Amino acid sequence: MRGIRSTSFLRMKDNTDFEGMIELLEGHNSLPTAGQVMTGEPRDVPANSTEVLAAARFAVREFNRANAEDQFAYKTVRIISAKIQACRAKNDLARSLHSVPLHLVTELLRASVDMLSICVCLCALLTHVLSQEAEEPISYTCTEGYEYDRVREQCRDIDECALLDDACKGGMQCINHFGGYLCLPKSAVIYISKEGEQVPLPEPIPPVPAVPVAPPSQPQPPTRVFLGDQELTQSFRSIRCATGFTADEQNVCRDIDECATGRHTCGSEQACYNTRGSYTCQCPPGYQRRGDHCVDRDECALTNYCMHRCINTQGSYYCECNAGHKLASNNHSCVDVNECDVQSPCQHHCYNLIGSFLCQCDQGYELAQDSVSCQDVDECSFSSYMCQYQCINSPGSYSCECPEGYHLQGNRLCQDINECETGTHNCQDDEMCWNYYGGFRCYPRNPCEPPYAKTSENRCICRSQAECQGLPPSIVYKYMSIQADRTVPADIFQIQATNIYTNTHNTFRIKAGNEGGEFFLRRSSNVSAMLVLTKPLSGPREYVVDLEMITQHLTMNYRSSSLLRLTIIVGPYAF
């Protein structure tokens, strides 16, 4: 509500009746016309007693009339005639006394006295009113999102983006708008209408134009006043509105809806949207303006709408994902497809990867060329050392086997079976069981043949000199086993004299059984020698080698010999 200006407005609060003051004006009943009194602006009144008194009387009546119409509201009445200023009227009256008749001067003086009394009463009344209530300030209210600009005397838009540091959350950009603001992705491209074309919104965004309002100095809607029974209406000037606005019946600027009134220039393919003070032409979603026409907007070329691949269509687009992915619910993002749960593509084991999957096979299998099937691995083909004797492949695995006379030790080694100890041989009672690698043999417990006689285990002596002429006086029988294909040279057997005599010299030789040169006897000392294998032997085979030791007596010139018959059994395998 506007405040009361003390120079031109009076406020009536009580029921005081000033009608008694009219008695001072008896004899002056003529009233001023509406054009003379209620002009809407202050004016100077000539110092004529008739007009002064009539104006004062009119003012008092209007006070009482306003008070009677509403005892609880403040009625503001513009009293133009009260601004005549009594002092100024008195000065004008004094300057005009020299040109009027004496009886008229007397009448004017009496009127001046009455006028002075009226001014005193009006001043007292004004002081009383102002002392009861202080002048109220002038205030203006704008719609939400606007604030009043006292310099320009109009409402202007509030830039919330500049005022609020965290107007938008989540990395969104703030776009100021009429009476508010928008939160849009930073990658969003904003278009506004400008001379029939769509152009990107410049940065920074220009301030929103203020909505024009009537400034305080402009006329307000007319106030109805009465002079007697005649209604008088003040005349006012029409308000001037900004482009896009028009004054309504209340002389207030209202926005023009160009879209509804058909005052727009949008093409047939475009939609018209009204804005404050203007309008904008927009194409259907997926299209953009090019002159007066709408053409397809290639969303795929504008920005990365899709996570993987963007396929443009007329007025729209759609997204595709790479193999191993599928579109999320937002139709833009791509999420991994768990092929292991959906298809179970692998024969054995499936492991999901981002955008793909991996198949693995059980131990003993390997992936086939299709990368999903599993095929057996032939471990036996890797190396001949997988098994000591024979490798047997099986689906997903393998096993080792040993030949007859052996058993499997661990996973790959073959161990000889000692049939002589286990009792699995077939030797007779008068036979001796001799185990060799991979088998056994039966030999007579008494190996002595005539003319030799057994004197101890494995020892035979010839007692008849006549019969033993040219024969060794004694023969010792020994047995040994070796593997086939043994590396050479190899020391395999050592012979040693059982009796040692002084002044003797011993020599050693292979007397028989070395026709192929497979052996060599190396003298180690005067009483011992070592049998050396010089060639690899294959089995199963038996070699009987006679090793002879010749003793020469140096002092007695005596010579003797002894024989060791060694039976060597070569196994069929190298283990």
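Note that the numbering runs from 1 along the sequence shown for the chain. All heavy atoms count here, side chains included; hydrogens, waters and symmetry mates do not. What you are looking at is a predicted structure, and each value in this text was computed from that prediction instead of being measured.
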For this session: For the cysteine pair C346 and C340, state whether the SG atoms are less than 2.5 angstrom apart.
Result: no
Exercise. Can you tell me if D416 and N435 form a side-chain donor-acceptor pair at under 3.5 Å?
Worked result: yes
Problem set entry | Gap separating the CG atom of N352 from the CG atom of L358, nearest 0.5 angstrom | 10.0 Å
Exercise. What residues form a salt bridge (Lys or Arg N to Asp or Glu O under 4.0 Å) with R254, not counting sequence neighbours?
Worked result: D248
Exercise. Taking the six-membered ring for Trp, is the centroid-to-centroid distance between Y317 and Y305 below 6.0 Å?
Worked result: yes
For this session: Test R565 against D546 for salt bridge (Lys or Arg N to Asp or Glu O under 4.0 Å), laying out the working first.
Result: CA-CA 4 Å; R565 184 162 290 169; D546 289 343; 2.9 Å; yes
Exercise. Centres of the Y437 and Y406 rings: under 6.0 Å?
Worked result: no
For this session: Step through the shown structure and confirm whether more than 12 heavy atoms of other residues, nucleotides or ligands are within 6.0 Å of CG on N411.
Result: no
For this session: Quick one: pull up CZ in R309 and OH in Y318 and give me the separation to the nearest 0.5 Å.
Result: 9.5 Å
Exercise. Any chance the SG atoms on C374 and C361 come in under 2.5 Å?
Worked result: yes
Exercise. With a 4.5 Å limit on heavy-atom distance, are the side chains of L566 and L531 in contact?
Worked result: yes
Exercise. Do the side-chain sulfurs (SG) of C402 and C414 come closer than 2.5 Å?
Worked result: yes
Exercise. Can you list every salt bridge (charged side-chain N to carboxylate O under 4.0 Å, His left out) pair that touches residues 404-413, not counting sequence neighbours?
Worked result: none
Problem set entry | SG-SG under 2.5 Å, C350 vs C359 | no
Exercise. D296 side chain to G315 main-chain N or O, any donor-acceptor pair under 3.5 Å?
Worked result: yes
Problem set entry | Thiol sulfurs of C391 and C400 closer than 2.5 Å | no
Exercise. Under the criterion disulfide (SG to SG under 2.5 Å), which of C161, C183, C168 is the partner of C174?
Worked result: C161
Problem set entry | Value rounded to 0.5 Å, distance of OH in Y452 from OG1 in T455 | 12.0 Å
Exercise. Is the gap between the SG atoms of C266 and C281 under 2.5 Å?
Worked result: yes
For this session: Nearest 0.5 Å please: distance from the CD atom of Q494 over to the CD atom of Q496.
Result: 6.0 Å
Exercise. Distance only, no hydrogens: is a donor on one side chain within 3.5 Å (strictly under) of an acceptor on the other, for T567 and W434?
Worked result: no
Exercise. So, K535 side chain and G516 main chain: donor-acceptor pair closer than 3.5 Å or not?
Worked result: yes
Exercise. Roughly how far apart are K454 NZ and N446 CG, rounded to 0.5 Å?
Worked result: 5.5 Å
Exercise. Can the SG atoms of C442 and C427 be said to lie under 2.5 Å from each other?
Worked result: yes
Problem set entry | salt bridge (Lys or Arg N to Asp or Glu O under 4.0 Å) partners of R522, counting only residues at least two apart | D491
Exercise. Between atom OG1 of T498 and atom CZ of R459, what is the distance when rounded to the nearest 0.5 Å?
Worked result: 6.0 Å
Exercise. Is C319 close enough to C306 that their SG atoms are under 2.5 Å apart?
Worked result: yes
Problem set entry | Under-4.0 Å salt bridge between R156 and E147 | yes
Problem set entry | Verdict with reasoning, E258 to N274, per side-chain contact (heavy atoms from CB on, under 4.5 Å) | CA-CA 6 Å; E258 293 85 355; N274 186 57; 2.9 Å; yes
For this session: Could you name each residue pair satisfying salt bridge (charged side-chain N to carboxylate O under 4.0 Å, His left out) that touches residues 493-518, not counting sequence neighbours?
Result: R509-E548
For this session: Would you please indicate if the ring centroids of Y443 and Y479 are separated by under 6.0 Å?
Result: yes
Problem set entry | Distance-only donor-acceptor check, side chains H349 and D362, under 3.5 Å | yes
Exercise. Who are the salt bridge (Lys or Arg N to Asp or Glu O under 4.0 Å) partners of D376, not counting sequence neighbours?
Worked result: none
For this session: Could you tell me whether a side-chain N or O of Q173 sits under 3.5 Å from a main-chain N or O of P185, the two making a donor and an acceptor?
Result: yes
For this session: Using the test ring pair (Phe, Tyr, Trp, His ring centres under 6.0 Å), find all partners of F519 that sit at least two apart in sequence or belong to another chain.
Result: Y543
Exercise. Is the H553 ring parallel, tilted or perpendicular to the Y558 ring (thresholds 30°, 60°)?
Worked result: tilted
Problem set entry | Under-4.0 Å salt bridge between R441 and E542 | yes
Exercise. Do Y279 and Y273 have ring centres separated by under 6.0 Å?
Worked result: no
